[in-house]
Novice: 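Just passing along the structure, written as structure tokens.
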Amino acid sequence: MPSSAKKSYLFYQTRRRRPMLDQARGVYMWDVDGKRYLDGSSGAMVCNIGHSNPHVLEAMRRQMEKSTFGYRLHFETEPAERLAEKTASLTPEGLDKVFFVSGGSEAVESAIKLARQHAVAVGEAQRWKVISRQPSYHGCTLGALALTGYAPLTAPFDAMMRPMPKIPAPRAYLDGLDPENEATGHHYADMLEERIQQEGPETVLAFINEPVGGASTGALVPPAGYMRRIREICDRYGVLLIHDEVMTGGGRTGRFFGADHWGVAPDIIAISKGFAAGYAPLGAMVAHEKIVNPVLDAGGFLHGFTYAGNPLACAAGLAVIEEIETKGMMENAARVGDILKSRLSALMQRYPIVGDVRGKGLMLAFELVANRETMQPLPRELGAFDRLVEIAYDNGLIIYSRRTRGGYEGDHFMVCPPMIATEDHVEEIMDGLTRSLDTFMAEAGPALAACA
């Protein structure tokens with residue numbers, strides 16, 4: 001039966017209902033009525049290797065026959081040990097201490113708590129401020145939410161959180177700056193130094209950022225020179241650098257970690273989503289041994305989760321990485337991503353409201369605007385970020401959207417199919433997008449004409 005035909009006892013974020021999922025394979029999903037959808041956003045940028053991968057399912061079956069749970073304070077498990085070793089082999093040198101969690105919010109929460117415990121352990125207890133960017137999204141737990149720069153999600157909980165300082169995200173395309181010029185990257189990075197000085201360097205614990213922007217900035221690629229300058233500034237002031245790779249980790253950008261494109265090593269990494277690609281709840285914090293060892297020597301990490309290092313989840317994660325590597329999925333993400341990005345960029349010739357296309361690999365997005373010259377956003381009452389997603393959904397294409405300008409206006413759309421996507425899938429995506437944009441343009445015609 002369609003889900004709308006019966007009462008639901010589940011409590012979701014909104015009252016909006018969706019069809020009942022029947023099955024999913026590869027890049028496609030089917031509801032119980034037989035309608036097929038192309039998963040053009042990999043869920044929430046999660047199902048990196050596609051759905052129902054037989055190698056991963058078989059690895060999970062084998063582990064289920066042995067054990068599905070082993071509490072971390074009672075047992076070490078082979079899947080967790082093997083996945084930790086494999087993860088450490090993919091990180092920059094020295095980042096070889098892996099702490100498993102169940103999701104992205106937990107990974108970020110773990111990262112900032114480890115950073116704080118390290119400061120206390122080495123006699124720098126006055127350091128507690130974690131600087132982040134505006135806009136940004138780092139998770140829904142209160143600690144991670146305090147780092148988030150997205151007012152609609154944070155405002156109701158402001159009274160429950162200690163506010164953390166923010167600097168502007170490096171959105172050169174909105175500021176009319178050349179992203180290929182290192183001076184642009186330095187311009188935005190130097191805002192971090194200014195904020196550190198403003199806050200008092202002795203009080204600043206860490207800086208957290210996404211190497212390639214996620215939902216809040218829509219696949220934002222930092223300007224040339226930005227990543228290295230950020231690393232230099234953090235080193236200058238003894239500030240820890242945390243990379244939130246929850247969306248970018250796992251190969252989606254064409255490298256296993258997004259920061260690998262710039263050869264910049266952080267002190268701590270948070271990873272989830274594509275880490276186990278939706279086959280099981282899994283994430284990890286990976287930290288440099290120089291941070292972990294003082295904490296352990298001081299009595300241990302005062303933090304943890306019941307399902308941390310779950311053997312079934314770790315078996316899935318290990319099998320996912322094996323598939324990514326043996327099937328050349330990162331290389332495919334880079335190659336097909338270039339094709340898809342080129343086709344998305346071509347939309348700008350057909351639709352004057354497409355103002356920007358950005359991203360790396362299969363971490364891509366396009367943004368709609370009222371005026372491409374001024375980058376004026378569409379009228380917020382159009383609700384384009386929501387309406388275009390609904391039209392595409394009706395057309396059997398799933399994409400992901402957020403409001404670009406801090407959550408209240410602006411409209412961007414993530415187009416991030418699984419890393420197994422082919423050129424034929426690109427054609428399907430573009431067909432669904434053009435039909436959806438045509439419908440949206442027809443609906444919004446009077447409002448768009450008023451913006452001209």
Side-chain angles (χ1 to χ4, degrees), residues 27 29 37-48 50 104 135-139 148 150 152-153 169 171 173-174 210-222 244-254 258 272-274 277-278 333-334 336-345 347-348 351 353-369 377-378 383-393 395-407 409-419 421 425-426 428-430 432-434 436-437 440:
V27 303
M29 309 180 80
Y37 305 81
L38 194 156
D39 190 0
S41 63
S42 302
M45 285 63 77
V46 176
C47 302
N48 283 9
S136 63
Y137 180 73
H138 295 291
T148 292
Y150 205 82
L153 297 178
R171 297 185 293 176
Y173 74 99
L174 287 182
E210 295 174 294
V212 177
S216 63
T217 55
L220 180 69
V221 177
D244 180 344
E245 297 258 13
V246 169
M247 280 195 183
T248 50
R252 173 163 294 285
T253 68
S272 186
K273 291 189 182 282
V336 176
D338 283 345
I339 296 169
L340 179 55
K341 186 178 181 183
S342 176
R343 295 295 305 279
L344 290 172
S345 296
L347 292 176
M348 299 178 76
Y351 303 102
I353 62 171
V354 178
D356 191 57
V357 174
R358 51 187 179 266
K360 275 189 176 295
L362 286 172
M363 182 84 170
L364 299 171
F366 64 95
E367 183 164 342
L368 301 186
V369 297
L378 292 175
F385 79 105
D386 184 62
R387 182 61 188 138
L388 183 61
V389 168
E390 291 303 304
I391 296 170
Y393 193 82
N395 285 327
L397 173 65
I398 301 172
I399 55 177
Y400 195 94
S401 70
R402 281 282 180 89
R403 279 248 150 112
T404 299
R405 320 289 173 97
E409 62 182 357
D411 310 273
H412 68 247
F413 304 85
M414 307 287 288
V415 185
C416 307
M419 291 155 47
H425 296 136
V426 169
E428 286 188 57
I429 290 169
M430 296 309 302
L433 275 180
T434 52
S436 301
L437 282 165
F440 175 77

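Every heavy atom of this structure was used, including side-chain atoms; hydrogens, water molecules and symmetry mates were not.
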Novice: Of the non-hydrogen atoms in Arg402 and Ser216, which two are nearest, and what is the gap between them?
Specialist: NH1-N, 4.5 Å
Novice: Can you tell if the side chain of Arg343 reaches within under 4.5 Å of the side chain of Val415, non-hydrogen atoms only?
Specialist: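 Heavy-atom side-chain distance check fails, nothing below 4.5 Å.
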Novice: So, for Ala365 and Gly218, which heavy atoms are closest and what is the spacing to 0.1 Å?
Specialist: CB-O, 3.4 Å
Novice: Taking the side chain as every heavy atom from C-beta outward, state whether Cys416 and Met247 have any pair of such atoms under 4.5 Å apart.
Specialist: no
Novice: Using modelled atom types only, decide if a donor and an acceptor are shared between the side chain of His412 and the backbone of Arg405 within a distance under 3.5 Å.
Specialist: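 No, because the side chain of His412 does not come within donor-acceptor range (under 3.5 Å) of the backbone of Arg405.
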Novice: Find out whether Leu347 and Val357 are in side-chain contact, i.e. whether some heavy atom of one side chain is under 4.5 Å from a heavy atom of the other.
Specialist: no
Novice: Where do Ser436 and Ala392 come nearest, in terms of heavy atoms and distance?
Specialist: OG-CA, 3.2 Å
Novice: Just how far is it from atom CD of Glu428 to atom CG of Asn395, taken to the nearest 0.5 Å?
Specialist: 12.5 Å
Novice: Any donor-acceptor pair under 3.5 Å linking the side chain of Ser342 with the backbone of Asp338?
Specialist: no
Novice: Does the side chain of Tyr393 reach to within under 4.5 Å of the side chain of Ile398, using non-hydrogen atoms?
Specialist: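 Yes, side chains in contact.
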Novice: Could you go through the side-chain contact (heavy atoms from CB on, under 4.5 Å) check for Leu368 and Val354 one step at a time?
Specialist: CA-CA 5 Å; Leu368 301 186; Val354 178; 3.9 Å; yes
Novice: Could you tell me whether the side chain of Leu433 reaches within less than 4.5 Å of the side chain of Phe413, counting heavy atoms only?
Specialist: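 No, too far: nothing below the 4.5 Å cut-off.
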Novice: Taking side chain to side chain contact (heavy atoms under 4.5 Å, CB included) as the criterion, tell me which of Ile429, Leu38, Val389, Ile391 meets it with Ile399.
Specialist: Val389
Novice: Which value, rounded to the nearest 0.5 Å, describes the distance between Tyr351 atom OH and Phe366 atom CZ?
Specialist: 9.5 Å
Novice: Output, in order, the C-alpha distance, side-chain angles, deciding distance and verdict of side-chain contact (heavy atoms from CB on, under 4.5 Å) for Leu344 and Met430.
Specialist: CA-CA 8 Å; Leu344 290 172; Met430 296 309 302; 3.9 Å; yes
Novice: Is there a donor-acceptor pair under 3.5 Å between the side chain of Lys341 and the backbone N or O of Gly359?
Specialist: yes
Novice: To the nearest 0.5 Å, what is the distance between OG1 on Thr253 and CE on Met419?
Specialist: 9.0 Å
Novice: Rounded to the nearest 0.5 Å, what separates atom CG in Asn48 from atom CG in Leu362?
Specialist: 9.0 Å
Novice: What are the two closest non-hydrogen atoms of Arg171 and Thr404, and how far apart are they?
Specialist: NH1-O, 3.1 Å
Novice: Could you walk me through whether Tyr37 and Leu397 pass the side-chain contact (heavy atoms from CB on, under 4.5 Å) check?
Specialist: CA-CA 5 Å; Tyr37 305 81; Leu397 173 65; over 6 Å; no
Novice: Would you say the side chain of Asp386 lies within less than 4.5 Å of the side chain of Ser401, judging by non-hydrogen atoms?
Specialist: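 Side chain of Ser401 against side chain of Asp386, heavy atoms only: no contact under 4.5 Å found.
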Novice: For a side-chain contact (heavy atoms from CB on, under 4.5 Å) check, start with the C-alpha distance between Lys360 and Met363, then their side-chain angles and the critical distance, and finish with the verdict.
Specialist: CA-CA 5 Å; Lys360 275 189 176 295; Met363 182 84 170; 5.5 Å; no
Novice: Just by distance, do the side chain of Arg403 and the backbone of Asp411 share a donor-acceptor pair under 3.5 Å?
Specialist: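 Flag not set: sc Arg403 to bb Asp411 has no pair under 3.5 Å.
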Novice: May I ask you to check whether Ser42 and Arg252 show a side-chain donor-acceptor distance below 3.5 Å?
Specialist: yes
Novice: Can you name the closest pair of heavy atoms from Leu378 and Ala384 and give their distance?
Specialist: CD1-CB, 3.8 Å
Novice: Could you check whether any side-chain N or O of Glu245 sits under 3.5 Å from a backbone N or O of Gly258, counting only pairs where one atom can act as donor and the other as acceptor?
Specialist: yes
Novice: Check each of Leu340, Val27, Leu364, Val426 against Pro417 using the side chain to side chain contact (heavy atoms under 4.5 Å, CB included) test, and report the only one that passes.
Specialist: Leu340
Novice: Within the side chain of Thr148, is there an N or O that forms a donor-acceptor pair under 3.5 Å with the backbone of His138?
Specialist: yes
Novice: Can you give me the closest heavy-atom contact between Gly104 and Ser272, atom names plus distance?
Specialist: N-OG, 3.3 Å
Novice: Mind checking the CD-CG spacing from Glu367 to Leu174? Nearest 0.5 Å is all I need.
Specialist: 5.5 Å
